[in-house]
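Quick caveat, the model's predicted, so the values are computed rather than measured. Sequence lines set the chain letters: A, B, ... in the order given, protein chains first and strands last, and positions in each chain run from 1.
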Amino acid sequence: METLSTPLPSLRRYSTSVNNDHDHDHPVFLHIKQCTNSSQLGQIHAHMLRTGLFFDPYSASKLFAASALLPFSSLDSARKVFDQIPKPNLHSWNTLIRVYASSPEPLQGILIFLRMVHESPYYPNKFTFPFVIKAAAEIFSLCVGQALHGLAIKASLGADVFISNSLIHLYLSCGDLDSAYRVFTMIGEKDVVSWNSMITGLAQRGCAEKAFQLFQEMEEEGVKPNDVTMVGVLSACAKKLDLELGRWVCSYIERKGIRVDLTLSNAMLDMYTKCGSLEDAKRLFDMMEEKDIVTWTTMLDGYAKLGEYETAKQVLDTMPRQDIAAWNALISGYEQNGKSKEALSLYHELQQSQIAKPDGITLVSALSACAQLGAMGIGECIHAYVKEQGIKLNCHLTTSLIDMYSKCGDIKKALDVFYSVDRRDVFVWSAMIAGLAMHGQGRDAIDLFSRMQETMIKPNSVTFTNVLCACSHAGLVKEGKTFFNQMEPVYGIRPGIQHYSCMVDILGRAGLLEEAVEFIEKMPILPSDSVWGALLGACQIHGNVELAELACRHLLELDPENNGAYVLLSNVYAKTGKWDGVSRLRKHMRVTGLKKEQGCSRIEVNGVIHEFLAGDNCHPLSKEIYSKLDEIMVRLKSAGYVPNKSHLLQLIEEDEMQEHALNLHSEKLAIAFGLQYVEVSQPIRIIKNLRVCGDCHSVAKLVSRLYNREIILRDRYRFHHFSGGNCSCKDYW
DNA sequence: ATAGGGTTAG
C-alpha cells in the first residue's frame, strides 16, 4: 500500500480533544486538503477511525467533503464514507445532496434531502436549497421544484439571492418562464448571476427578443455583464439569425474588455455560422489560439448546415478527435437540406468505421432521412439497432420512429411504437395524428386528439395543422370548421397561415369553392402561396376554370417560379376541354423555360432503393420492366380499362403518343418492377414525389385486384392503400 | 460550501 509522503504529526495528541471546540487548525485537516489521491485519503480515514476523530461530526464532515469534492474522488467512495458517519452534521448532508445533484443520478439528491428532513435533527438551510433545487432542475421536475420553493419561503429564505437564482434556473429548465420571471422580479438586489440565468434561459427557450431586452435592462441598472452574460446574448443573436446584432455584440465584448475564454469564442463562432456568415466564422476560427472539440464541431456544423458539404467533410477528417456530435452535425446537415441519401450513406460509413457510436441524435437524423426517402428496410434496421443496444426511447426517438413508419406506409407499426411507450409529449401525439391523417384515417386521428387532451398534454400549433389535415384527407368538413374555430378561444393558439391553408383545402376539396373564396377574403392575414395553392388544387378536382385562373394569378404573383401552378391550371383546362388554354400555357412555359417537375418514384427491395423517373430506361432491368408493363396493360384493357388522358399536361399531341407518355409515368414503372421483384406476401410500397395522377390511380386499383397484390403508394400529400380494386382514399384526394 | 455558459434533435 502507498504511504503518505509526510508522516502524520501525532494524531493521538489531538484525539482527546474531540468534544472540545472545533480546532480549525487541526493538522489532519491540512493533510486532507493536500491529498492528491484516494489512497492517501483512505489512510487519513483509517487514522481518524483509529483515533476516534472520525466520530466527531465536524471532523467527519471535513473528511467527507474531501472525499466527495476533491478532483480525484468518486461518488461511490464518498457515499461509503457518508454511510459510516454516525451522526452526519448539516454540512455533510448538504455536501451529499450537492454531489448527487451534479451526478448522473440527481434524483438521489432529492431522496437524500427527504431523508435528511425525516431522519436528521436539522432543517434545510440556505446552502441546502441551492443544491436540492439544482437536483430538481436536473431531472426537470417542476412539482418537486415548486414544493422546494414553498419550503424555502416557509424557512424565510425566499429572499436569498442564491436560492432565487437556483429557482430561476429550475423554472427555466422546466419551461415555466412565468414563474422564473416572477422569482427574478422579486429579487431585491439582482446580481450578475440572476441576470445571466434569466438571459440564458430565455435565449434557449426561444425568447431571444426578450433575452436581448433583459440584457439592455441589465446595463441600464448598472450591473456589469461578464463573459457568461455574453454567451447568453450571443446565443440569442444566433436564434434571431441577426448577424448585424451579433457583430455589434462582438464589438461590445471587445470595447468593454470582457474576458474572452474558449467558451465565449465558441459562442461567437456559433453565432456567426448560425447567422450564415462563414467568412466571419472562418476568420475567428483561424485566429483562435485554443480550440476544443466544440470549436471544430461548431465550424463543421456551420459548413454542413449551409450546404458546403465538401468543406464540412474536410473539417471532419482534419479535426483532432471525431466524436459522435461531429458526425451528427454532418449527418443532420445532409438530412435537413433534403440530402437523405447522403445522410444515410454517411450513417452507414459511421457504422462501418466504428469511429464513434451512434447515439439517439444520430438515429433521429437517420430515421428522418428514411422517412423522407420512404426507405423502410433501413428504418427497420435502425429500429432493430435501438432495441439491440437497449437504447431507451425518449420522446425524440419515439417521434422519429412513428414518423418513419408512417411515411414509409406502415401505419400499424407506427401505432405499435406509439402504444409501446409510456411517455408521450406533444410531438409524439402530433406525429401519430399526422400519421393517421396521411393514411386517410381521419376519424382515428380525431379520436387520438381527444385522448391526447385527456392526458393534459396541450396541443400546439403543429398538432392543429395535423388535425385539420386529417379532416381534409377524410372529408370531415364540419369537424374541421369546429376545430379551427376552437383554436384561439379554447386553446389560445392563433391560427397561422398553414391552418388557413388547411381550411381552404378542407372546404375546396369538399366542393365548397365559393365558401373557400369567402374564407380567403375574410382572412385577417395575407393569403400565402399555400392558400392559393389549396384553392387551385380544389379547382382541379372540381373543374372550376374561373376560380382556377384567379387562384393561379395570385399564386404566380407570390411565386412566379411555381411550375406546379401551371401544371394544375393546365389540368383544369384539359379536364374541361379548354384546349386553347392548354396550348397558351404550354407556349408560355416554353418561352419562360419553366418545366414541369419531373416525376420520380422509389421502391425499396431488400434494402436497395430503386428509383424511376418518368420514361427512364436507366434501370439495369429496364427491358424486363417495360415488357412487364405491356403485359399489365393488355391484361387491364381486357378487363375494361380505358386510359384517362385528361391527366396529362397535354404536351403531346398524338393520341398514341399520349397513351405512351401515360405509361411512362414513374409510378407505373415502379408497379411493374414491384410486381416482379417484391415478395408476393409483401405489399408493394412506392414513394412518389408528385401527386399521383388519376390514370395511375385507376391502374393501381385494377392491378391490386387482377394481380391480387397490395400496393401502398405515398404521393406528395398522402398515402393510397390499394387492395382488391379499391383505394383507402375512397377516391377522395 | 451555495447559483449561471457553447456544438448535435422532431
Report yes or no: is the cationic atom of A:Lys126 (NZ for Lys, CZ for Arg) closer than 6.0 Å to the six-membered ring centre of A:Phe162, at no more than 45° off its axis? no

Looking across every strand, which nucleic acid part, if any, lies under 4.0 Å from A:Asn394 by heavy atom: base, sugar-phosphate, or nothing? nothing

Going by ring pair (Phe, Tyr, Trp, His ring centres under 6.0 Å), name the residues that satisfy it together with A:Phe113, two or more places apart in sequence or in a different chain. none

Within the supplied structure, the quantity of interest is the number of heavy atoms (other residues, nucleotides, ligands) at a distance under 6.0 Å from A:Tyr123 OH; does it exceed 12? no

May I ask you to say what A:Asn94 touches in the nucleic acid, namely base, sugar-phosphate or nothing, with a heavy-atom cut-off under 4.0 Å? base

Sugar-phosphate only, base, or nothing, as touched by A:Ser197 at under 4.0 Å among non-hydrogen atoms: sugar-phosphate

Within 6.0 angstrom of A:Glu221 CD, more than 12 heavy atoms from elsewhere: yes

Which pairs, with at least one residue in residues 353-363 of chain A and sequence neighbours excluded, count as a side-chain hydrogen bond (donor to acceptor under 3.5 Å, both in side chains)? A:Asn328-A:Asp359, A:Asn328-A:Thr362, A:Lys357-A:Gln389, A:Asp359-A:Thr362

Please list, chain by chain and in numerical order, all residues satisfying salt bridge (Lys or Arg N to Asp or Glu O under 4.0 Å) with A:Arg259, sequence neighbours excluded. A:Asp227, A:Asp261

Only pairs at least two apart or in different chains count here, so list each salt bridge (Lys or Arg N to Asp or Glu O under 4.0 Å) that has a residue in residues 266-282 of chain A. A:Arg247-A:Asp280, A:Asp270-A:Lys274, A:Asp280-A:Arg283, A:Lys282-A:Asp286

Quick one: list whatever passes ring pair (Phe, Tyr, Trp, His ring centres under 6.0 Å) with A:Tyr405, sequence neighbours left out. A:His383

First-last contacting nucleotides on DNA chain B - partner chain A, under 4.0 angstrom, heavy atom: B:dA1 to B:dG10

Please enumerate all residues that pass salt bridge (Lys or Arg N to Asp or Glu O under 4.0 Å) together with A:Lys313, with sequence neighbours excluded. A:Glu349

What is the nucleic acid contact for A:His169, judged by heavy atoms within less than 4.0 Å: base, sugar-phosphate only, or nothing? sugar-phosphate

Once you apply a heavy-atom cut-off of 4.0 Å, does A:Asp160 come out as touching a base, just sugar-phosphate, or nothing? nothing

List in numerical order all residues of residues 264-271 of chain A for which some heavy atom is under 4.0 Å away from an atom belonging to DNA chain B. A:Asn266, A:Asp270

Is it the case that over 12 heavy atoms from other parts of the model lie below 6.0 angstrom from the NZ atom of A:Lys239? yes

Using atom types as modelled and distance alone, determine if a side-chain donor or acceptor of A:His169 lies under 3.5 Å from a backbone N or O of A:Ser166. no

Residues in residues 312-330 of chain A with a heavy atom under 4.0 Å of DNA chain B, by number, are A:Ala325, A:Asn328

How would you label the contact of A:Ser166 with the nucleic acid (heavy atoms, under 4.0 Å): base, sugar-phosphate, or nothing? sugar-phosphate

Return the residues of residues 355-371 of chain A meeting this criterion: a heavy atom under 4.0 Å from some atom of DNA chain B. Order them by number, or give none. A:Ile361, A:Val364, A:Ser368

Just checking A:Lys134: base, sugar-phosphate only, or nothing, at a heavy-atom cut-off of under 4.0 Å? sugar-phosphate

Would you indicate what A:Asn226 reaches in the nucleic acid, counting non-hydrogen atoms under 4.0 angstrom: base, sugar-phosphate, or nothing? base

Report the residues that fulfil side-chain hydrogen bond (donor to acceptor under 3.5 Å, both in side chains) with A:Asn394, sequence neighbours left out, ordered by chain and then residue number. none

Across all chains, not counting sequence neighbours, the side-chain hydrogen bond (donor to acceptor under 3.5 Å, both in side chains) partners of A:Glu219 are A:Tyr252

